[in-house]
Amino acid sequence: MSSLSVMILAGGQSRRMGQDKALLKVDGEQTLLASTVNIARSLTSDVLIVTPWPERYQPLFSVALPSPVSFVRETANPTGPLTGFAVGWPQVSADWCLLLACDLPCLEVAALQTWWQWLCDLERDAPKDWSCDRTLLAAPGAPIASLAKSEMGDSRHGPSKLWEPLCGFYHRRCLPSLMAYVSGGQRSFQGWLSEQSSAIAVYTAAPPQLFLNWNRPEDLP
């Protein structure tokens with residue numbers, strides 16, 4: 001079975017919310033970031049948080065844990081989730097990485113487990129040249145990611161579908177194209193994924209609420 005790490009991005013400025021979204025309480029109890037970590041632990045013990053402010057969040061996880069949360073510090077002036085993703089990858093030990101934003105209040109353990117099992121089954125039944133050998137990052141036909149798409153309204157051109165990049169699975173096969181894109185000064189997640197769309201395994205069974213995020217005070221329950 002393929003190995004899995006989880007990377008959680010907690011580098012946003014939360015300007016529209018007016019307060020740190022990672023520290024908002026879910027159901028009046030644990031913080032959104034702590035809830036996300038607990039959900040990640042349902043899939044793997046290898047969980048890391050990419051943030052410019054490790055000191056802000058480390059107290060949330062100060063109690064001794066069977067497998068401690070790792071922190072990766074990014075620049076104090078983050079330039080977006082794609083660069084945070086690139087900064088975190090050198091600390092990922094597994095072949096696959098589930099990338100999560102820290103502001104997804106409706107994550108579901110069962111839905112993520114089902115998606116991961118679907119992906120493992122896809123690899124199990126794949127042609128043998130989908131090598132997991134890390135020296136063969138460009139295995140022919142092998143997906144670099146598994147992502148869902150959401151419909152976005154556009155008054156001029158009608159509805160369109162965009163990738164949901166901040167709740168999805170990425171294989172380390174994505175590294176060559178990711179690092180080349182970021183090194184070229186590009187910062188758009190959608191732009192990078194649009195260039196790689198033929199190598200993405202589209203997942204259609206994810207419940208839409210999985211991708212709901214909190215951006216503004218009016219989004220809060």
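Worth knowing before you read on, the calculation uses all heavy atoms, side chains too, and leaves out hydrogens, waters and symmetry mates.
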*Asks:* When K21 is tested against each of D103, T31, N213 for side-chain hydrogen bond (donor to acceptor under 3.5 Å, both in side chains), which residue passes?
*Replies:*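 Only one of D103, T31, N213 forms a side-chain hydrogen bond (donor to acceptor under 3.5 Å, both in side chains) with K21, namely D103.
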*Asks:* I need the F71 CZ to R56 CZ distance, nearest 0.5 Å.
*Replies:*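 Those atoms lie 11.5 Å apart.
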*Asks:* Search all heavy atoms of L32 against all heavy atoms of C102 and return the closest pair with its distance.
*Replies:*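 Closest approach of L32 to C102, heavy atoms only: CG-O, 3.1 Å.
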*Asks:* Would you say R124's side chain and L119's backbone share a donor-acceptor pair under 3.5 angstrom?
*Replies:*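 Side chain of R124 to backbone of L119, a donor-acceptor pair under 3.5 Å: no, none is there.
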*Asks:* To the nearest 0.5 Å, tell me how far E164 CD sits from L193 CG.
*Replies:*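 The CD atom of E164 sits 11.0 Å away from the CG atom of L193.
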*Asks:* Check the angle between the aromatic planes of W89 and F85 and answer parallel, tilted or perpendicular using the 30° and 60° thresholds.
*Replies:*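 Because their plane-to-plane angle lies in the 30° to 60° range, the rings of W89 and F85 count as tilted.
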*Asks:* Under the criterion side-chain contact (heavy atoms from CB on, under 4.5 Å), I'd like the reasoning laid out for L210 against L112: C-alpha separation, chi angles, the key distance, then a yes or no.
*Replies:* CA-CA 9 Å; L210 207 64; L112 291 172; 4.1 Å; yes
*Asks:* Please round to the nearest 0.5 Å and tell me the distance separating atom CG of L24 and atom CD of Q30.
*Replies:*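 Answer rounded to 0.5 Å: 13.0 Å.
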*Asks:* With side-chain contact (heavy atoms from CB on, under 4.5 Å) as the criterion, how do T36 and L104 come out once you've worked through the C-alpha distance, each side chain's angles and the decisive distance to 0.1 Å?
*Replies:* CA-CA 8 Å; T36 304; L104 302 172; 5.7 Å; no
*Asks:* I need the minimum non-hydrogen distance between P81 and L166, along with the two atoms involved.
*Replies:*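 Between these two residues, the closest heavy atoms are CB-CD2, 3.9 Å.
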*Asks:* According to a 4.5 Å side-chain heavy-atom criterion applied to Ile, Leu, Val, Met, Phe, Trp and Tyr, with indirect links allowed, do L162 and L212 form part of one hydrophobic cluster?
*Replies:*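 No.
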*Asks:* For Q186 and W192, what are the C-alpha separation, side-chain angles and deciding distance, and is it a side-chain contact (heavy atoms from CB on, under 4.5 Å)?
*Replies:* CA-CA 8 Å; Q186 303 296 316; W192 172 57; over 6 Å; no
*Asks:* Could you check, using the six-membered ring where one of them is a Trp, whether F169 and Y203 have ring centers closer than 6.0 angstrom?
*Replies:*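 Not close enough - the centres of the two rings lie 6.0 Å or further apart.
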*Asks:* Do L178 and I144 have side-chain heavy atoms sitting under 4.5 Å apart?
*Replies:*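 No, their side chains stay 4.5 Å or more apart.
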*Asks:* Taking all atoms of both residues into account, what is the closest heavy-atom pair of A10 and P52, and its distance?
*Replies:*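 Minimum heavy-atom separation between A10 and P52: O-CD, 3.9 Å.
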*Asks:* So, the side chain of S42 versus the backbone of V109: is there a donor-acceptor pair under 3.5 Å, distance only?
*Replies:*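 Checking the backbone N and O of V109 against the side chain of S42, no donor-acceptor pair under 3.5 Å is found.
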*Asks:* Measuring from atom SG of C97 to atom NE2 of H171, what distance do you get when rounded to the nearest 0.5 angstrom?
*Replies:*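 Rounded to the nearest 0.5 Å, the SG-NE2 separation comes to 11.5 Å.
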*Asks:* Output the distance between atom CG (L9) and atom CG (L48), rounded to the nearest 0.5 Å.
*Replies:*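 Interatomic distance, L9 CG to L48 CG, rounded to 0.5 Å: 9.0 Å.
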*Asks:* What I want to find out is whether D95 reaches R173 closely enough, with some N-O distance under 4.0 Å, to be called a salt bridge.
*Replies:*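 Result for this pair is no, no salt bridge flagged.
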*Asks:* Without swapping roles, check the side chain of R187 against the backbone of L82 for a donor-acceptor pair under 3.5 Å.
*Replies:*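 Not at all, since once roles are kept as given, no pair shorter than 3.5 Å links the two residues.
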*Asks:* Counting N and O atoms only, with roles assigned by atom type, does the side chain of S146 sit under 3.5 Å from a partner on the main chain of A201, one being a donor and the other an acceptor?
*Replies:*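 Confirmed, S146 side chain pairs with A201 backbone.
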*Asks:* With no hydrogens and no angle check, just 3.5 Å: does a side-chain donor-acceptor pair link D46 and S93?
*Replies:*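 Looking only at side-chain atoms, S93 and D46 do form a donor-acceptor pair, the distance falling under 3.5 Å.
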*Asks:* Find out whether L4 and W116 are in side-chain contact, i.e. whether some heavy atom of one side chain is under 4.5 Å from a heavy atom of the other.
*Replies:*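 Heavy-atom side-chain distance check passes, below 4.5 Å.
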*Asks:* For the residue pair L98 and Y170, establish whether any side-chain heavy-atom pair is separated by less than 4.5 Å.
*Replies:*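 They are not in side-chain contact.
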*Asks:* For the side chain to side chain contact (heavy atoms under 4.5 Å, CB included) test, which of V72, L99, T83 pairs with V50?
*Replies:*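 Among V72, L99, T83, the one that satisfies the side chain to side chain contact (heavy atoms under 4.5 Å, CB included) with V50 is V72.
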*Asks:* Between F61 and V37, is any pair of side-chain heavy atoms under 4.5 Å apart?
*Replies:*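 In contact.
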*Asks:* What's the shortest heavy-atom distance between R41 and S45, and which atoms?
*Replies:*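 Smallest interatomic distance, heavy atoms only, reads NH1-O, 4.3 Å.
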*Asks:* Rounded at 0.5 Å granularity, tell me how far CD in Q209 sits from CG in L107.
*Replies:*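 Q209 CD to L107 CG: 10.5 Å, rounded to 0.5 Å.
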*Asks:* Taking all non-hydrogen atoms of both residues, which atom of P165 and which atom of F189 are closest, and how far apart?
*Replies:*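 For P165 and F189, the tightest heavy-atom pair comes out as CB-CD2, 3.6 Å.
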*Asks:* Is it true that Q113 and E108 share a donor-acceptor pair across their side chains at a distance under 3.5 Å?
*Replies:*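 Their side chains do not contain a donor-acceptor pair, so the 3.5 Å distance test is not met.
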*Asks:* Using every non-hydrogen atom in the two residues, find where F211 and C167 come nearest and quote the distance to one decimal.
*Replies:*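 In terms of heavy atoms, the two residues are closest at CE2-O, 3.6 Å.
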*Asks:* Is there a donor-acceptor pair under 3.5 Å between the side chain of Q190 and the backbone N or O of W163?
*Replies:*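 Side chain of Q190 to backbone of W163: a pair is present.
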*Asks:* Any chance the side chains of W96 and S3 put a donor and an acceptor closer than 3.5 Å?
*Replies:*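 W96 vs S3: no donor-acceptor pair found between side chains.
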*Asks:* For L100 and M7: C-alpha separation, side-chain torsions, deciding distance, then whether side-chain contact (heavy atoms from CB on, under 4.5 Å) applies.
*Replies:* CA-CA 6 Å; L100 297 173; M7 185 191 309; over 6 Å; no
*Asks:* With distance as the sole test, does R73 use its side chain to make a donor-acceptor pair with the main-chain N or O of W53 at under 3.5 Å?
*Replies:*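 Looks like no, no N/O pair under 3.5 Å.
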